[in-house]
Q: 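Here it is, the structure in full.
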Amino acid sequence: MNAGTGRSRRTARTALALVLPLAALAACGGGGGTGTSAEQGSGTGTITVWAHQGQATEATALQNAVKTFNSSQKKIKVELTLIPDTDYTKTITTTDASKLPDVMEFDGPTMANFVYNKKLTAIDDYVSATTMANATDAIKAQGEIDGKHYGLGMYDSGLGVYGNKKLLDAAGVTYPTGLDDAWTAAEFTAAVKKLAAEDADGKSLDLQENNGYASEWGTYGFAPVVWSAGGSLLKNGKAEGVLDTPAVASALKTFQSWKTYTDPNTDGNAFAKGRVALSWVGHWMYPAYGKALGDDLVVLPLPDFGDGPKTGQGSWSWGIGAATKNGKAAGAFLDALLNDTNVTAMTTANGAPPATRSVLAKSPLYKEGGPLQLFADQLAQPCGDSAITTSCVAVTRPVTAGYPTVTAKFSEALASVYGGADPRSALEKAARAIDQDFSDNAGYRIQ
Amino acid sequence: MKTVEPAAATPSGRHRSEGPPPRATGPARPPRRNRDRLHGLLMSAPALVGLIAFVGVPFVYAVVLSFYNVRLGSPLAPTFFGVEQYRRLFTDPDLSGPFLRALLNNLTFAVVVVPLQTGLALALAILLNRKLKAIGLFRSLFFLPVVFPMALVAVVWRLILARSGDGLLNSALHTVSLGNWGAFDWLGDGLTAMASIIVLSVWQGVGFQMVILLAGLQQIPSELYEAARLDRASRWQQFRHVTLPGIRGTLVFVALLTSVLSFRVFDQVYVLVKGGGLDEDATRTVMYQAVTTAFDQNNIGQASAITVVFFLIVVVLTLVQRRVVRSGNED
């Protein structure tokens, strides 16, 4: 502090002289694409595979699939790397395209972004026609951009409302038996209120609040409200006019009104412990709920806000890295991964709806008459991400490289509406922000 | 890194000639002073290099990026944007609203936390600066929250502040008020959301400041207290005239440190927002906005502009604070 000012000024000058060239260097480092392209290759040798490390059972199923594949033939050897779930997408985002593996897993809505920045290549030329034909329409819709497929999944996902039969009957609430007689939003609200009146703490609904709404759960879980109200997150690359319509605003107003009756579910056990009668969540809670409630568990579609009940779909998928030098081998591995044995093992491990026709038809949970047939019925009526009609049910989240902004802005609006904000202005704000982002990025068009 | 040396070795003759006239040691002196200078710079070099590499370069980089439309992982080349990012931050109602609110939230947080946490740390330090049995145990207990990562603390506090009647705080209040307290949404209510964040942050961080102050307290010679007691100084007078002057430097350091740390508040907001029920608008901080803009929405240009503005504000505030503190110190 008591050093002369001349000295400190000189030090500052020295520092500046040191910083500037470095900064210039750093600035040049930005941008600059890598000109990689996939090659067919010989179809033999070692290929690298990246996957997300989810639940332990899923990881085991995958490791077994790789082990079986490696020992079943001598031509191709697969090296599997598991990367923790929470860092997985960021790892791919920040890895240069040329350093990505031959085969990789990715979460459905992130696919378009990886296609956009040339990290994935179309798989149509590499996987067999049989594999492609065996994939369900819903999962194909998730993996398709401009007529080309970039990803196929082993399993899909779906949303529904789980009901506690005992509590529903006790309150005298009648509930739907399938998609055709789904509750309207008003009937759903009435049921929630009637159940709440019978409940000691006045909370009869679980909306998985513990997952937070300003997150992917917000978008995945409640975009069906928007779709069912005749709106959309995005149409022809624009949110204004589809996301902020009066019908969507009024649907979110209804959603907002449920907060009074919603258990915050801090412990994640509100439904399993019988504190609430209804739980709005995905297929993945079935193992826990089925075990807790047994025969008292009923599975219902999400309520209809006017344009038919809708559900989200889409999950982890597999694709081929854009820089692969061995596309043929990568395709052969994907064919093996998507065969009945592996898909059955994986969907038994995580309880998700199988994404191949052959396994879905035989799945004890999802087949005709199975406890989760509703999810299969929903996925059998896919809308894709844009052709949302009153008759289709399973909607894919927008397949666009701008999805990170879409989900961030929509979930932010949803969280603020749930907290008490005016739905109309929150949606308009989100729509403007999404459109601004798309115009800044030339519409995220994929070249 | 080598470039430090020539710059450091540059003779600064003009200044030296202005110094005191050389004594009998004669010509040997200037080279020697020169060498001292060189050694001084060499010794500060590691810190300096770190400062330049981890503060200087990123900041300049951020300034450059903030003038461009840069997206994470976009095949489009970054385009020059001019001051568009800054214009949006300050004039576009959709963007400037949350940003200005975040700035205000940050300031509120700092204004409340700095005196509160410093004061509480001082109180705790004094409380624990005595010869008690098992004093080490008490000290560890109060220091314990500092050891936990903030993310973990936030998860624990989520259970305490849960809005249902089962929330720890709500059920405790329910019991204490003999059933007159209903469930209250601590995190979801705009009025208490920030207060909740403040309470949990202070709880987590106060132990650290306490330890520093405790060290300061133990530097005060006990003779001073003895003398004060002989002069019949009351406990309050001892505190006023012996303790406070004795730890003044430490206290200033702690206050500065706390205010710098309080501008960095991020983890708890991030964890609680993702964990559900937190009023995002009432608790959004600038760091939170910068991180989500950059890594959730891939908008690096915008995030850079946010951090540049924030950096400048924090630097100005720190300079002002230092000036105030220093003038107080030199009285």
Side-chain angles (χ1 to χ4, degrees), chain A residues 1 4 6-7 10-11 13-20 22-23 26-27 30-33 90 93-94 113-114 116-119 201 203 208-215 259 263-267 401 404-405 407-409 412 415-416 418-421 429 432-433 436-437 440-442 444 447, chain B residues 3-4 7-8 10 12 15 41 48-49 51-53 56-61 63-65 68-78 81 88 92-95 97 158-159 162-167 183 185 188 190 272-281 292-293 295-299 326:
Chain A
M1 257 183 231
R7 176 180 290 196
R10 216 168 301 118
T11 317
R13 235 180 276 145
T14 316
L16 204 67
L18 280 167
V19 166
L20 286 178
L22 274 173
K90 281 193 177 82
T93 307
T94 50
N113 208 333
F114 297 144
Y116 178 66
N117 51 46
K118 304 196 166 52
K119 292 186 167 172
D201 67 352
K203 314 269 187 216
Q208 296 281 303
E209 195 179 315
N210 53 334
N211 287 330
Y213 295 148
S215 64
K259 188 177 182 184
D263 190 301
N265 196 13
T266 322
D267 60 352
T405 305
T407 181
K409 296 300 172 191
E412 204 177 298
S416 72
Y418 191 70
K429 206 169 115 182
R432 276 196 302 268
Q436 172 82 76
D437 187 66
D440 284 353
N441 287 283
Y444 288 106
Q447 279 114 23
Chain B
T3 41
V4 173
T10 313
S12 46
H15 270 257
L41 266 162
L48 215 56
V49 167
L51 204 64
I52 291 167
V57 174
F59 179 65
V60 173
Y61 203 178
V63 171
V64 173
L65 285 173
Y68 284 85
N69 177 24
V70 197
R71 301 302 169 126
L72 205 60
S74 169
L76 300 178
F81 237 35
R88 284 183 193 172
D92 182 339
D94 290 338
L95 271 168
R158 198 156 88 199
L159 302 177
R163 73 182 177 93
S164 67
D166 297 336
D185 191 357
L272 287 170
V273 160
K274 303 280 164 190
L278 185 70
D279 187 321
E280 203 185 15
D281 281 334
T292 49
T293 306
F295 298 109
D296 290 353
Q297 300 167 42
N298 298 341
N299 193 344
R326 199 188 330 176

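Note that the coordinates shown come from a computational prediction; the quantities given were computed from them, not determined experimentally. In the text below, chain A, chain B and the rest are named by the order of the sequence lines, each starting its count at 1.
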Q: Hey, is OH on B:Tyr68 packed in by over 12 heavy atoms from elsewhere, all under 6.0 Å?
A: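 No, OH of B:Tyr68 has 12 or fewer neighbouring heavy atoms, counting only those of other groups under 6.0 Å.
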Q: Can you tell which part of B:Arg71 gets under 4.5 Å to a heavy atom of chain A, answering side chain, backbone, both or neither?
A: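 For B:Arg71, the contact with chain A is made by the side chain alone.
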Q: If I measure from the heavy atoms of chain B, does A:Lys259 come under 4.5 Å with its side chain, its backbone, both, or neither?
A: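 Backbone plus side chain of A:Lys259, per the 4.5 Å heavy-atom cut-off to chain B.
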Q: Is it the side chain or the backbone of A:Asp440 that comes within 4.5 Å of chain B heavy atoms, both, or neither?
A: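 For A:Asp440, the contact with chain B is made by backbone and side chain together.
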Q: Output the option from B:Thr293, B:Leu76, B:Asn299, B:Asp281 having the highest count of non-hydrogen pairs under 4.5 Å with chain A.
A: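 Counting heavy-atom pairs under 4.5 Å, the top option is B:Leu76.
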Q: Is the closest side-chain heavy-atom distance between B:Asp92 and A:Gln436 below 4.5 Å?
A: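 Sidechains of A:Gln436 and B:Asp92: in contact.
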Q: When heavy-atom pairs shorter than 4.5 Å are enumerated against chain B, which of A:Pro404, A:Gly419, A:Pro264 gives the highest number?
A: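 Of the candidates given, the most pairs with chain B belong to A:Pro264.
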Q: What are the two closest non-hydrogen atoms of B:Ser74 and A:Tyr116, and how far apart are they?
A: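 The answer is OG-OH, 3.6 Å.
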Q: For A:Lys429, give me all partners under side chain to side chain donor-acceptor pair (under 3.5 Å), at least two apart in sequence or on another chain.
A: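 A:Lys429: no side chain to side chain donor-acceptor pair (under 3.5 Å) contacts found.
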Q: For A:Asp267, check salt bridge (charged side-chain N to carboxylate O under 4.0 Å, His left out) against everything at least two apart and list the hits.
A: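 In terms of salt bridge (charged side-chain N to carboxylate O under 4.0 Å, His left out), with neighbours along the sequence ignored, A:Asp267 is linked to A:Arg275.
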Q: Supply the atom-to-atom distance B:Arg163 CZ to A:Asn265 CG, rounded to the nearest 0.5 angstrom.
A: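 It comes to 10.5 Å.
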Q: What I want to find out is whether B:Asp94 reaches A:Lys409 closely enough, with some N-O distance under 4.0 Å, to be called a salt bridge.
A: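 Salt bridge between B:Asp94 and A:Lys409, a charged N being under 4.0 Å from a carboxylate O: no.
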Q: Pick one of side chain, backbone, both or neither for A:Phe114, based on which atoms fall under 4.5 Å of a heavy atom in chain B.
A: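 For A:Phe114, neither part sits under 4.5 Å from chain B.
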Q: What distance do B:Leu72 atom CG and A:Thr94 atom OG1 have between them, rounded to the nearest 0.5 Å?
A: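 Spacing of CG (B:Leu72) from OG1 (A:Thr94) equals 7.5 Å.
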